[in-house]
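Structure, as structure tokens:
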Amino acid sequence: MDDEKRYVECAEHGPQQATYVCRHLVESLRTGKKVGFWWADDPDNPRPDAWCSACEEKVQETGGEWVDESESFAGVTLLCGACYDRAKKLNLE
Ligand SMILES: [Zn+2]
Ligand SMILES: [Zn+2]
């Protein structure tokens with residue numbers, strides 16, 4: 001298994017772990033509105049791919065499988081690890 005870490009350069013936080021979240025979670029950082037927080041079952045990754053409740057509903061419509069429709073709805077976006085932590089805190093509180 002290749003566990004090469006990937007980094008992203010955040011304008012606010014500098015070099016950070018690269019994480020992937022749905023665009024609604026990114027938006028929530030801007031608006032401060034809670035959208036829910038769900039994440040992939042990935043015990044090796046302290047910051048697994050994450051998405052909001054609306055995306056979770058989409059995925060449940062197709063039996064819990066990510067398909068083209070839910071993926072395009074999610075519009076997964078690269079986010080820095082520190083921003084990820086902030087989104088997680090905001091949406092889980
Ligand atoms: Zn979403
Ligand atoms: Zn950041």
Side-chain angles (χ1 to χ4, degrees):
M1 292 297 270
D2 181 15
D3 65 349
E4 170 205 352
K5 285 210 169 52
R6 277 192 277 176
Y7 288 89
V8 59
E9 186 80 31
C10 176
E12 208 178 319
H13 302 109
Q16 292 284 336
Q17 183 192 352
T19 66
Y20 295 91
V21 305
C22 80
R23 60 191 162 94
H24 313 104
L25 286 178
V26 177
E27 248 168 54
S28 76
L29 283 173
R30 238 193 347 259
T31 62
K33 279 211 190 95
K34 290 185 191 186
V35 294
F37 194 92
W38 302 76
W39 58 91
D41 183 18
D42 186 0
D44 292 336
N45 187 348
R47 291 164 175 146
D49 298 355
W51 55 91
C52 74
S53 297
C55 287
E56 175 65 14
E57 254 171 56
K58 280 267 180 210
V59 173
Q60 289 310 322
E61 278 171 20
T62 48
E65 291 291 328
W66 283 94
V67 296
D68 286 352
E69 201 197 328
S70 45
E71 276 181 5
S72 69
F73 178 75
V76 170
T77 302
L78 181 69
L79 193 65
C80 105
C83 290
Y84 177 100
D85 292 345
R86 209 150 56 93
K88 184 176 184 181
K89 193 159 179 281
L90 169 78
N91 287 295
L92 280 181
E93 263 175 5

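Throughout, residue positions are numbered sequentially from 1 according to the sequence presented. Whatever order the structure lists ligands and atoms in, that order sets their numbers, starting from 1.
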Practice task
For the atoms SG of Cys52 and SG of Cys55, give the angle they form at the Zn ion (ligand 1), rounded to 10 degrees.
Solution key: 110°
Completion exercise
ND1 (His13) to the Zn ion (ligand 2) to SG (Cys10), nearest 10°, is 110°
Problem - Cationic tip of Lys58 above Trp51 ring, under 6.0 Å, 45° of axis - result: no
Exercise for the section: Would you check if the side chain of Ser70 reaches a backbone N or O of Trp66 as a donor-acceptor pair within less than 3.5 Å? Expected result: no
Fill in the blank from the handout: Note: SG(Cys83)-the Zn ion (ligand 2)-SG(Cys80) angle, rounded to 10 degrees, equals 110°
Practice task
Please assess Leu78 against Tyr20 for the test side chain to side chain contact (heavy atoms under 4.5 Å, CB included), listing each intermediate value before the final yes or no.
Solution key: CA-CA 5 Å; Leu78 181 69; Tyr20 295 91; 3.6 Å; yes
Completion exercise
Vertex the Zn ion (ligand 1), ends His24/ND1 and Cys22/SG: angle to nearest 10° comes to 100°
Problem - Criterion side chain to side chain contact (heavy atoms under 4.5 Å, CB included) on Leu79 and Leu25, from CA distance to verdict - result: CA-CA 10 Å; Leu79 193 65; Leu25 286 178; 5.9 Å; no
